[in-house]
Visitor: 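Sharing a structure below in structure tokens format, with a few things to ask.
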Amino acid sequence: MTKPQDKLRGWAAARKAILSGLRFTSLRLRLVVVFGLVALTAAVSASGIAYWLNREAVLTRAQDAVLRDFQQEMRNHASMLPERPAQDELRRTAGQMANSSQRFSVLLVAKDANGRQISGNSALDTFTLEDVPDSLQKAVNEEQELSSNNKYQYHLYWQRITDDGKPYLVGGAKVIGGTTTGYMLKSLEPEAKDLNSLAWSLGIATGLALIGSALLAQAAATTVLKPVHRLGTAARRLGEGKLDTRLRVSGTDELADLSRTFNHTAEALEKRVADMSARDEASRRFVADMSHELRTPLTAITAVTEILEEELDAETGSVDPMIEPAVRLVVSETRRLNDLVENLMEVTRFDAGTARLVLDDVDIADQITSCIDARAWLDAVELNAERGRMARLDPRRLDVILANLIGNALKHGGSPVRVTVREEGDDLLIEVQDHGPGIPEDVLPHVFDRFYKASASRPRSEGSGLGLSIALENAHIHGGEITAANSAKGGAVFTLRLPQDASEILADEEQNGANGTEGNAR
């Protein structure tokens, strides 16, 4: 059963995803939006101005015609009424005035012989004095002072009103020299319909302008972004190592200059990388050749040193005690030189990319025990590993990793060294912890560097400075990793993380090798 808070969290996550999807992450989208906003602003502004001007023109023309006609009717008919007209006379005159070309309703107001206010309506009570705004009545009946600029006591006044949502024009004037006041009511609904049609037309024009601007922006974006897209694709190919990538240059604009600059940069980069690769290849070849050439004399020297070592250990004591230290030094340094040559050849294989995995099913506890036993470390190493935990790895390379990590812990840390094995998901974790002083913080980032020594003076030691680097490369070839840290309880901790099955790594290597061979054949 779904809880309400789970629904709220789901809705919040969906809303966040929608909002993140609406972000302007595309230059094409931003161009279209900007073009659309500019076109919409221009179209709305132009349509608004055009509507306002046409509205004023239509209404002004309509009201001027109505007011002129009403004023003329007031002169022709209302002015002919007696000073104290009867109601029938008012009604008859109002009907005559309403028959004009503008067809408006008329209301005439006056006082009879008894001084009572009477009115006559052309439309039988549909237009009454209550329909006339008070402000308009006041203005119409207000007597003006005569002056050089004002020759009449009364003037014509008008006002636009709305009744039941329909627009009307109301006008009024008083007969000069008489007591009759006339009002007219004219519907502006036809003009309002014309203005509504104009508004719809302008709205449609605005929509069409917006669509046109979007299409124009799309065309402009395509024209501008196509070279940018080609440049991005070329940059990605360049980042993938395809240094022969070049752009086709056409035109003389800024994008063409950018393409030329990219081509010059790619050409310079290709040349620089080719030079560096050539030097690197020459350096690797030199190290490999040197290591190979050293193996032959080293084999002979090793054989001689083994004989000398046997003489040193013999009970007869045939070696002169005076030269015994020198002989032991030669034996030790010969072993060290032999290990260095072997490590150099291993490093060369890693650098050349020729190192390959030979997988087998390995019992991790048995593998670690064999590694410790072969080097006579049983008394100095504690193993915490469950028997029967199998993994598909390269046994020889795993032995090299373990030998380097455990040997380094015994040499630079302190015994006993504790080796712990555990599983974490699909990975296998092997921790090697010593009881030494730990690794200085400034040394930690460099413990896996080749030939790195903690002291700047590079003191002489039994190691070659390549052991941890080779261990890390062997972990990488399995698809694993080695990290170094200091334990909170004291001492250094090296953690080896390996997949429990490296078959996928081996399959990927074989596929990449096949692709590389195919590419070279082409």
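When a residue number appears, it is its place in the shown sequence, counting from 1.
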Visitor: Among all residues two or more places apart in sequence or in another chain, which pass the side-chain hydrogen bond (donor to acceptor under 3.5 Å, both in side chains) test with Asn196?
Guide: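 Asn196: no side-chain hydrogen bond (donor to acceptor under 3.5 Å, both in side chains) contacts found.
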Visitor: Ile211: which residues meet the side chain to side chain contact (heavy atoms under 4.5 Å, CB included) condition with it, sequence neighbours left out?
Guide: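 In terms of side chain to side chain contact (heavy atoms under 4.5 Å, CB included), with neighbours along the sequence ignored, Ile211 is linked to Leu215.
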Visitor: Quick one: list whatever passes side-chain hydrogen bond (donor to acceptor under 3.5 Å, both in side chains) with Asn384, sequence neighbours left out.
Guide: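 Result, side-chain hydrogen bond (donor to acceptor under 3.5 Å, both in side chains) vs Asn384: none returned.
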Visitor: Would you list the pairs meeting salt bridge (charged side-chain N to carboxylate O under 4.0 Å, His left out) in which at least one residue belongs to residues 429-443, sequence neighbours left out?
Guide: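 Output for this query lists Arg422-Glu431.
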Visitor: Can you sort out the partners of Asp426 under side chain to side chain contact (heavy atoms under 4.5 Å, CB included), two or more places apart, ordered by chain and number?
Guide: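 Once residues adjacent in sequence are excluded, Asp426 has no partner under the side chain to side chain contact (heavy atoms under 4.5 Å, CB included) criterion.
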Visitor: Can you name the residues that form a side-chain hydrogen bond (donor to acceptor under 3.5 Å, both in side chains) with Arg230, not counting sequence neighbours?
Guide: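 None.
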Visitor: Just to verify, what does Arg248 make a salt bridge (Lys or Arg N to Asp or Glu O under 4.0 Å) with, not counting sequence neighbours?
Guide: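 Residues passing salt bridge (Lys or Arg N to Asp or Glu O under 4.0 Å) with Arg248: none at all.
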Visitor: Do the charged groups of Asp360 and Arg396 touch, with an N to O distance under 4.0 Å?
Guide: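 Result for this pair is no, no salt bridge flagged.
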Visitor: Among residues two or more places apart or on two chains, list those pairs meeting side-chain hydrogen bond (donor to acceptor under 3.5 Å, both in side chains) that have a residue in residues 258-269.
Guide: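 Counting only pairs at least two positions apart or across chains, the side-chain hydrogen bond (donor to acceptor under 3.5 Å, both in side chains) contacts touching residues 258-269 are Asp257-Arg260.
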Visitor: Could I get the full list of side-chain hydrogen bond (donor to acceptor under 3.5 Å, both in side chains) partners for Thr495, not counting sequence neighbours?
Guide: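 If we apply the side-chain hydrogen bond (donor to acceptor under 3.5 Å, both in side chains) test to Thr495, skipping adjacent residues, there are no hits.
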Visitor: Which residue pairs satisfy the salt bridge (charged side-chain N to carboxylate O under 4.0 Å, His left out) criterion with at least one member in residues 474-494, sequence neighbours excluded?
Guide: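 Every pair satisfying salt bridge (charged side-chain N to carboxylate O under 4.0 Å, His left out) with a residue in residues 474-494: there are none.
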Visitor: Filter on ring pair (Phe, Tyr, Trp, His ring centres under 6.0 Å), then keep only pairs touching residues 413-447, sequence neighbours left out; what's left?
Guide: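 Pairs touching residues 413-447 that pass the test: His446-Tyr452.
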Visitor: Going by side chain to side chain contact (heavy atoms under 4.5 Å, CB included), name the residues that satisfy it together with Lys242, two or more places apart in sequence or in a different chain.
Guide: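 With neighbours one apart ignored, the set is Arg237, Glu240, Asp244, Thr245.
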Visitor: Around atom CG of Asp379, are there more than 12 heavy atoms of other residues, nucleotides or ligands at under 6.0 Å?
Guide: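 Open.
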Visitor: What heavy-atom pair brings Val421 and Arg389 nearest, and what distance separates the two atoms?
Guide: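 Val421 and Arg389 have their closest heavy atoms at O-NH1, 3.3 Å.
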